[in-house]
Amino acid sequence: MADPVKITFLGGLGEIGRNCFCIETQGRILVVDCGIMFPEPDMPGVDLVLPDFTYLRERADAVEGVVLTHAHEDHAGGLAFLLRDVSFPIFGSPLSLGLARSRIEEAGLLDRTQMIPVRDGERREIGPFEVEFVPVTHSVPHAFAAAYHTPQGTILHSGDFKIDLTPVDGRRTDLASLGEIARRPGGVLMLLSDSTNAERPGYTPSESTVGAALRTLFRDHEGKRIIVASFASHLHRVQQVAEAAIGTGRRVAFVGRSMIKNVTLAREMGLIDIPADRVIDIDEAPNYPPGEVCVVCTGSQGEPMSALALMASHEHKYVKVGEDDVVVISAHAIPGNESNVSRVIDAFYRTGAKVVHDGNAPVHVSGHASQEELKFLLNLVEPEYFIPVHGEFRHMVHHAELALASGVKPENVFVCEDGDQVTISDQHVDVDRQAVPAGYTYVDGIVGDIGQGVLRDRRQLAEEGVVVVFVTVDRRSGKIVSGPEIVTKGWVHATEAESLLEEARETVRKAVEDATESGGTDFETVRRSARRTLGKFISEKTKRRPAIIPVVLEV
Ligand SMILES: [Zn+2]
Ligand SMILES: [Zn+2]
């Protein structure tokens, strides 16, 4: 009997973001990715959302390392947080490690963290696992799929991938190696595959098609300055923008901290090729006619303080946008960011600029495989078991259907969610639902981790407002000395609701008098009675439930 293997999903199954799972055998754990999720609009004041690391924290000594499939924030952004409690080496492509390192460095954790670069096609022992790193194409260069050779058989994880046959750097998804792994004795026991685009029919177009669209766009707008926003990690996109710009006689200025940092790193590593004499600093841009400048910046998600948002609101120091500008948003809004992006687009239209985005021109393609590519992978590796990963629930359901259509047995397809634990033992697979804690961990960049309670309070304040009632009571007689006074933010507009507030004051006064009359002059009783009475009054009169804060002073 071979040792059983457990797979535990800590994030990414049921949402886009905070991808993290672990593979475990012989008491040793290998973690695959450790990402963050960007907050939803109903998470006020939250900067990012992490997986619940309880499972790993409680088994810190068993963690052999983290395999980083690629450096997107939804895969790498959580490393600096997990590293606070658990020490481990990180395995990934040199670029992935290079892009991930700054967050770890900022957290002061670089000294005690080993970064171990792995090459395309490399097979490496990590604890009881043998891991084979297979190149895949995605929207950041040098991404990996990985085959985990375990005592139970081979578990293949696609990572984020597409099958781009004409990638910008010529590094294709290594279909030959994937096929070879599948043809070995035992084949692929289980496939875990990217579900992001499982609802999308057909094939995802090649990244090269964006280059062609950009070249046309740049030619069509001679004489105008062109501002392109894209993800700072999408270095192939940046390369293609730079080529289109240089090809039409422009100089390129990079704007945004992460854009400048990533481009510098990629140029040092020889991953992108932009002649130094065509790159200018943004403060030099005003010295050139608009038609000779291209600005490449961050902010494609409409992030409020990003370079692009500042330009849209006329607050950018060097880039003043107007009729001589064409703004290109070469990205697609991540769920939750749509309204921010729309706001930025509208703001640019108000300046007189023209805006090009993936809704009106082919200036973006996805980095994730569509249905035909997903089926292709399923057909190529013929897994015995299949678990869709990386997606909202509906994406995973669709992906499961593709697996059935591709010949995986219905009883061997499992749609799992965060917190589920899969145990493989001698050709048998069991799923223990909700086996480990996997809720959201909210991080507020300034106050640190916040709990559900704080978030609930913030939502209540945001949606219902707050009402504070002040009353001063004589300690001995129990008589009201002054007040009640009512102050509110977000419940009613005080000047327009004078009579309502007067009624509220009267109600509280009666409640306090009743409470003190029966001898209850203690502070807590008065407070509680003021809160309860006011809450009931507000709910009856206005159907609202603001936070109520009674302040009782005793003299
Ligand atoms: Zn990705
Ligand atoms: Zn991802």
Side-chain angles (χ1 to χ4, degrees), residues 9-22 31-39 48-51 66-79 90 92-93 95-100 103 133-146 157-164 167-169 171 173 191-200 204 206-207 210 230-238 258 262 266 271 298 300-301 330-337 364-370 373-374 377 387-396 399 416-418:
F9 297 107
L10 297 181
L13 279 71
E15 69 253 314
I16 297 289
R18 58 172 210 146
N19 293 287
C20 185
F21 68 91
C22 37
V31 182
V32 182
D33 291 330
C34 182
I36 56 161
M37 184 171 88
F38 294 103
L48 49 93
V49 183
L50 292 173
V66 170
V67 167
L68 179 59
T69 60
H70 63 288
H72 278 154
E73 292 282 48
D74 62 322
H75 297 256
L79 285 166
I90 304 169
S93 67
L95 176 69
S96 299
L97 298 178
L99 291 173
R103 256 185 199 262
F133 295 88
V134 182
V136 291
T137 46
H138 183 43
S139 44
V140 58
H142 293 194
F144 282 132
H157 173 230
S158 72
D160 288 13
F161 82 108
K162 67 194 271 191
I163 299 178
D164 190 339
V168 172
D169 61 355
R171 179 184 177 274
T173 295
L191 173 66
L192 313 174
S193 180
D194 176 3
S195 309
T196 314
N197 281 348
E199 287 184 311
R200 207 186 276 191
T204 302
S206 169
E207 178 63 26
V210 176
S230 112
F231 273 110
S233 59
H234 204 333
L235 296 161
H236 290 148
R237 187 65 52 81
V238 172
S258 56
N262 290 2
L271 286 173
T298 52
S300 65
Q301 298 300 302
S330 188
H332 188 73
I334 294 174
N337 295 342
H364 174 72
V365 295
S366 171
H368 298 271
S370 299
E373 294 152 273
L374 296 173
L377 182 67
I387 299 179
V389 296
H390 199 289
E392 289 168 12
F393 195 74
R394 65 171 203 271
H395 302 141
M396 299 193 296
H399 203 176
C416 292
E417 289 191 83
D418 296 341

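Heavy atoms only: backbone and side chains are in, while hydrogens, waters and symmetry mates are out. In listed order, ligands and their atoms are each counted from 1. In this chain, numbering begins with 1 at the start of the sequence shown.
For H75 atom NE2 and H390 atom NE2, the angle they make at the Zn ion (ligand 2) is roughly 100°, to 10 degrees.
Listed for the D418 side chain is a donor-acceptor partner under 3.5 Å among the backbone atoms of G12. Remark: side-chain polar atoms of D74 are not paired, donor with acceptor, to backbone N or O of I36 under 3.5 angstrom.
Closest approach between the Zn ion (ligand 1) and any N/O/S atom of H138 involves NE2. Minimum-distance N/O/S atom of D160 relative to the Zn ion (ligand 2): OD2. Of all the N, O or S atoms in D74, the one closest to the Zn ion (ligand 2) is OD2. When the N, O or S atoms of H72 are ranked by distance to the Zn ion (ligand 1), ND1 comes first.
Looking only at atom types and distance, the side chain of T196 has a donor-acceptor partner in the side chain of H390 under 3.5 Å away. In the model, H236 has a side-chain atom that pairs as donor or acceptor with a side-chain atom of D169 under 3.5 Å.
Among the atoms of H70, an N, O or S atom is found under 2.8 Å from the Zn ion (ligand 1).
Geometric assessment of R171 against the ring of F144 yields a positive cation-pi assignment under the 6.0 Å and 45° thresholds.
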